Q: 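Structure below; questions to follow.
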Amino acid sequence: MKRPLTLRGRLALMALATSALWIGVLTTVFNIALDKRLHGQADDVLRTRAEAVAATVDVRPDGRLVVRAPTEDRALDAGVWIFQGGTVAEKPPTAPAGLEAQAARLAGRRETFADAEGPGSWRLYAFPVDAPARQGHTPTQAGTVVSSVSLDPYRSTADTALIGSIALAVFLLATIYLLTRLVVRRALRPVAAMSEQATRWSAAGAPERFGAQGRPAELAAFATSLDALLDRLAAVLRHEQQQAAELSHELRTPLARIAAETEWLTGRPRSAEQQETSLEAIAGAAATMQQICDSLLSEVRTRNAQTPGRSRFSDIAHRLAERNAALFPDAPPVTVAAGSSIPGGAPELSIGVSEDVAERILTPLLDNARRYAAHSVTLTCEASAGEVTVYVSDDGPGVPEDFVASLFEPGRRARPEDGHDGAGLGLALARRLARAAGGDIALDTAAPGARFVVTLPAG
């Protein structure tokens with residue numbers, strides 16, 4: 001049997017199964033009790049008829065039976081045998097074939113019931129006729145009255161009751177199933193309406209929420225869950241919109257540079273040196289665009305990844321220091337220092353993110369430190385319970401106090417007139433990557449120069 005796909009169908013099926021079980025039990029008990037009751041009534045009829053006939057039988061002193069004939073004895077004679085010993089003293093005018101032999105087997109027996117199978121179902125009852133007891137003697141059985149009754153009417157009644165109870169049970173089950181589906185549908189109507197509203201609100205990013213006030217307990221919990229889901233969807237939508245805006249904003253500068261250099265190259269003939277300079281500028285802008293796209297895509301992969309990865313801080317730090325020295329030979333060098341809380345220093349520390357993500361987190365911080373450092377840039381790593389802390393420090397002028405609050409906002413720069421490239425997205429992307437990996441980035445305002453504190457999961 002195929003399971004119903006709807007909750008209404010499943011609830012109706014459960015109600016139907018439960019009702020069928022109980023109705024089946026009640027129907028069975030009713031029919032068993034009725035059958036016993038009908039058998040009891042048949043036994044009462046047999047006993048009453050046999051006792052009435054026995055009252056018309058006299059026992060003479062010599063042991064012979066004398067039957068006194070009442071005025072209307074045809075009712076008593078129907079289906080009744082009187083035996084003296086094993087001899088029939090009186091028998092019914094008509095009796096089914098084979099029933100008399102069944103009655104003869106009961107002759108001489110004390111009070112007992114027996115069933116006889118013949119053309120129909122019959123039940124027999126033997127009632128003893130005792131001779132008057134002599135003084136000091138036990139009464140002796142002089143004869144036996146055997147009465148019979150057909151069980152066909154009783155069985156017909158039982159069969160009719162069984163068919164009627166089954167029909168009634170089927171009718172009740174069909175009614176229960178239909179009513180259950182109707183009631184469940186009406187009960188689930190508010191849930192369906194809430195689901196439709198949630199779908200519309202989530203698609204449009206609407207700020208409306210259901211709220212749990214004034215609702216039944218079940219719907220209040222459901223409304224709370226839907227509100228939480230809508231909040232998460234709204235947060236994801238805002239995140240994606242912000243990411244798209246940041247990507248567009250950050251890509252605008254290198255795209256404009258590429259367009260300007262291309263237009264300048266195609267405007268009129270240029271010397272080889274000028275062409276090389278323009279091509280270098282185009283290549284640099286393209287590399288910047290690639291770095292921006294890679295950073296944003298790394299943030300998405302980190303946020304959705306189930307396995308964050310693992311990397312060694314020493315490998316990442318020395319690689320970044322060597323890259324800084326190669327690309328910016330005139331800039332202050334990057335020094336990798338040992339952590340004060342780790343015996344043997346930083347090389348033993350592992351970070352719970354991949355090398356690619358760790359580099360993309362630290363690179364904007366190092367670029368920022370290189371731009372403003374006077375003589376040195378330092379990378380330090382320490383470990384604590386369950387996390388690793390990386391410090392990116394420089395000996396420059398530090399972050400202006402009035403800019404600290406908006407330091408990590410996308411598109412904000414402390415000194416736009418300093419001549420450095422960029423649109424102010426490096427720190428915002430670095431913090432987003434760190435938070436997506438389970439960490440964070442903060443500014444240590446008490447330290448001299450600029451000191452950024454990067455916390456990441458331990459590897």
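All figures in this text were calculated on a predicted structure; none of them were measured in a lab. All residue numbers refer to positions in the sequence shown, counting from 1.
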Q: Do you know which two heavy atoms are closest between V336 and F313, and how far apart they sit?
A: CG1-CE2, 4.2 Å
Q: Do the non-hydrogen side-chain atoms of V454 and I361 ever get within less than 4.5 Å of each other?
A: yes
Q: Counting only heavy atoms not in R37, do more than 12 fall under 6.0 Å of its CZ?
A: no
Q: Is the shortest heavy-atom distance from the side chain of Y391 to the side chain of V453 under 4.5 Å?
A: yes
Q: I23 versus I176: any side-chain heavy-atom pair under 4.5 Å?
A: yes
Q: Locate the shortest heavy-atom distance separating T27 from S165; write the atom from each residue and the value.
A: CG2-OG, 3.4 Å
Q: Quick one: do D356 and R360 satisfy salt bridge (Lys or Arg N to Asp or Glu O under 4.0 Å)? Show the steps, please.
A: CA-CA 6 Å; D356 180 65; R360 296 190 186 283; 3.2 Å; yes
Q: So, the side chain of D444 versus the backbone of R451: is there a donor-acceptor pair under 3.5 Å, distance only?
A: no
Q: Would you indicate whether the side-chain heavy atoms of I441 and L427 approach each other to under 4.5 Å?
A: no
Q: What verdict does the side chain to side chain contact (heavy atoms under 4.5 Å, CB included) test give for L16 and T180, after you've listed the backbone C-alpha separation in whole Å, the side-chain angles of each residue and the deciding distance to 0.1 Å?
A: CA-CA 8 Å; L16 179 65; T180 303; over 6 Å; no
Q: Answer yes or no: are there more than 12 heavy-atom neighbours, outside E276 itself, under 6.0 Å from its atom CD?
A: no
Q: Rounded to the nearest 0.5 Å, what separates atom CG in L46 from atom CZ in F113?
A: 6.0 Å
Q: Would you check if the side chain of D35 reaches a backbone N or O of N31 as a donor-acceptor pair within less than 3.5 Å?
A: no
Q: Let me confirm one number: the OG1-CZ distance from T175 to F171, rounded to the nearest 0.5 Å.
A: 4.0 Å
Q: Do the side chains of L366 and V377 get nearer than 4.5 Å, heavy atoms only?
A: yes
Q: Counting only N and O atoms by type, is there a donor-acceptor contact under 3.5 Å from the side chain of R49 to the main-chain atoms of S148?
A: yes
Q: For a quick test of reading the model, state the closest non-hydrogen atom pair linking A161 to F30 and the distance between them.
A: CB-CE2, 4.3 Å
Q: Could you check whether any side-chain heavy atom of R432 comes within less than 4.5 Å of a side-chain heavy atom of F408, counting everything from C-beta outward?
A: no
Q: State whether the side chain of S156 and the backbone N or O of D152 hold a donor-acceptor pair below 3.5 Å, judged by distance alone.
A: no
Q: So, the side chain of T455 versus the backbone of D440: is there a donor-acceptor pair under 3.5 Å, distance only?
A: yes
Q: For A337 versus T378, what's the shortest heavy-atom pair and its separation?
A: CB-CG2, 3.9 Å
Q: What are the two closest non-hydrogen atoms of V399 and A450, and how far apart are they?
A: CG2-CB, 4.5 Å
Q: Is any side-chain heavy atom of S350 closer than 4.5 Å to a side-chain heavy atom of R312?
A: yes
Q: Main chain of A126, side chain of T112: is a donor-acceptor contact present, judged purely on distance under 3.5 Å?
A: no
Q: N324 and P332: which non-hydrogen atoms are nearest, and at how many Å?
A: ND2-O, 3.5 Å
Q: Could you tell me if the side chain of Y154 sits less than 4.5 Å from the side chain of H39, heavy atoms only?
A: no
Q: To the nearest 0.5 Å, how far apart are CD1 in I282 and OG1 in T262?
A: 4.0 Å
